[in-house]
Amino acid sequence: MTDRYSFSLTTFSPSGKLVQIEYALNAVAQGVTSIGIKATNGVVIATEKKTASPLIDDSSLEKVATICPNIGIVYSGMGPDFRVLVAKARKAAQKYKQVYDEYPPTGILVKEVASVMQEFTQSGGVRPFGVSLLIAGYDQTGPTLYQVDPSGSYWAWKASAIGKNMINAKTFLEKRYSDDIEIEDAVHTAILTLKEGFEGQMTENSIEIGIIGNGVNLFNSDKDRPLFKKLAPSEVKDYLANIA
């Protein structure tokens, strides 16, 4: 019975489901694990960075991206779909900057991205995006972390995990997370969470980490707010050395 409805995006099954969205979530579950943790003074996002072949130049792969100076994003799922959403998010951020002369608060940008993803669940001739996103930002309200799913649903999280090992990762985060965690400890916790389900040896080239917060020492001179920063491999190596 389900097969009759599984090929149509815009037709509900008798149980009230849009089956193509469930298939999109399956695509997310096959992607590498990504972690997001909100600290008292910032946000950390981290992900595995694996290539299909050792012959691929991994410096050309980008899993953690900057949307605007105060917002960064990471994904699990299909890379090409992620590139489309990053381009749309950057365009939305620039439009907001033109009108209001400042970059958007995290919640505003998240709504824009979620609206695009929701539109692709309600239109003919398209398919849902095969990605879930973790969006980290810092605005007037402080640090914020959001998760956006292929259905266009989004929530604010203290800590979350998406991708292949998300169930075990969330269990690990529930045990390790505390409301008074600071950004340095959050980076260590993110790395330890990734290690839980990591296959092979973890090196500075096999994970990507992005951070934004007061402890990063990067500030916008105009608004005196933290800027999003993707850690260089040498910085990731230092964190891995501290954990070992």
Subject >> Shortest non-hydrogen contact from A159 toward L145 >> reply: CA-CD2, 4.1 Å
Original post:
Do I73 and F120 belong together in a cluster built from hydrophobic side chains that touch within less than 4.5 Å?
Top reply: yes
Original post:
Less than 4.5 Å apart, any side-chain heavy atom of I71 and any of Y146?
Top reply: no
Subject >> Co-membership, hydrophobic cluster, residues Y177 and V187, 4.5 Å side-chain >> reply: yes
Original post:
For K237, does the NZ atom have more than 12 heavy-atom neighbours from other residues, nucleotides or ligands under 6.0 Å away?
Top reply: no
Original post:
Can you check whether V113 reaches K88 side chain to side chain, under 4.5 Å on heavy atoms?
Top reply: no
Original post:
How far does OG of S151 sit from CD of Q118, to the nearest 0.5 angstrom?
Top reply: 8.5 Å
Original post:
Does a side-chain heavy-atom distance below 4.5 Å link K195 with I243?
Top reply: yes
Original post:
Linking I/L/V/M/F/W/Y whenever their side-chain heavy atoms sit closer than 4.5 Å, directly or via other members, would L173 and Y239 fall into one cluster?
Top reply: yes
**OP:** To the nearest 0.5 angstrom, please state how far the CG atom of D81 sits from the CZ atom of R83.
**Re:** 9.0 Å
Original post:
How about K50: does its NZ atom have over 12 heavy atoms from other parts shown lying under 6.0 Å from it?
Top reply: yes
Subject >> With I209, the side chain to side chain contact (heavy atoms under 4.5 Å, CB included) member among I35, L231, T47, L194 >> reply: L231
Subject >> K63 charged N/C atom sitting above F82 aromatic ring, 6.0 Å / 45° >> reply: no
Original post:
Which distance, rounded to the nearest 0.5 Å, do you find between the OG of S76 and the CD of E48?
Top reply: 8.5 Å
Original post:
Does the side chain of K95 reach to within under 4.5 Å of the side chain of E112, using non-hydrogen atoms?
Top reply: no
Subject >> salt bridge (charged side-chain N to carboxylate O under 4.0 Å, His left out) between K230 and E62, intermediate numbers included >> reply: CA-CA 10 Å; K230 189 160 74 169; E62 183 181 53; 3.7 Å; yes
Original post:
Which atom pair, heavy atoms only, marks the closest approach of A136 to I45?
Top reply: CB-CG2, 3.9 Å
Subject >> D179 versus K158, closest heavy-atom pair with distance >> reply: OD1-NZ, 3.3 Å
Original post:
What heavy-atom pair brings L25 and P150 nearest, and what distance separates the two atoms?
Top reply: CD2-CD, 3.6 Å
**OP:** To the nearest 0.5 Å, tell me how far Y96 OH sits from D101 CG.
**Re:** 11.0 Å
Original post:
With side chains defined as the heavy atoms from C-beta onward, is the minimum distance between Y138 and P143 less than 4.5 Å?
Top reply: yes
**OP:** Check the pair F172 / L192 against side chain to side chain contact (heavy atoms under 4.5 Å, CB included), numbers first and verdict last.
**Re:** CA-CA 9 Å; F172 185 84; L192 289 171; 4.0 Å; yes
Subject >> Short side-chain to backbone donor-acceptor contact, R90 and T66, under 3.5 Å >> reply: yes
Original post:
For I167, does the CD1 atom sit with more than 12 other heavy atoms under 6.0 Å from it, leaving out its own atoms?
Top reply: no
Subject >> Considering all heavy atoms, the nearest A190-A46 contact >> reply: CB-CB, 4.2 Å
Original post:
Under the salt bridge (charged side-chain N to carboxylate O under 4.0 Å, His left out) criterion, do E235 and K229 qualify, and how do the steps go?
Top reply: CA-CA 11 Å; E235 294 174 291; K229 176 188 178 186; 2.7 Å; yes
Original post:
Linking I/L/V/M/F/W/Y whenever their side-chain heavy atoms sit closer than 4.5 Å, directly or via other members, would I135 and V86 fall into one cluster?
Top reply: yes
Original post:
Can you tell if the side chain of M117 reaches within under 4.5 Å of the side chain of L133, non-hydrogen atoms only?
Top reply: yes
Subject >> Pairwise side-chain contact, I207 with K49, heavy-atom cut-off 4.5 Å (strictly under) >> reply: no
**OP:** Report yes or no: do V28 and V116 belong to one cluster of Ile/Leu/Val/Met/Phe/Trp/Tyr joined by side chain heavy-atom distances under 4.5 Å?
**Re:** no
Original post:
If you count the non-hydrogen atoms of other residues, nucleotides and ligands that lie under 6.0 Å from NZ in K170, is the total more than 12?
Top reply: yes
Original post:
Are a donor atom and an acceptor atom from the side chains of T203 and N205 found within less than 3.5 Å of each other?
Top reply: no
Original post:
So how far is it from I212 CD1 to T106 OG1, rounded to the nearest 0.5 Å?
Top reply: 7.0 Å
Original post:
Would you say T189 and V44 make side-chain contact, with heavy atoms under 4.5 Å?
Top reply: no
**OP:** Mind listing the closest non-hydrogen atom pair of D149 and S132 along with its distance?
**Re:** OD1-OG, 2.8 Å
Original post:
Are the side chain of N41 and the backbone N or O of I183 linked by a donor-acceptor pair below 3.5 Å?
Top reply: yes
**OP:** Kindly compute the distance separating CH2 (W155) from OG (S160), expressed to the nearest 0.5 Å.
**Re:** 9.0 Å
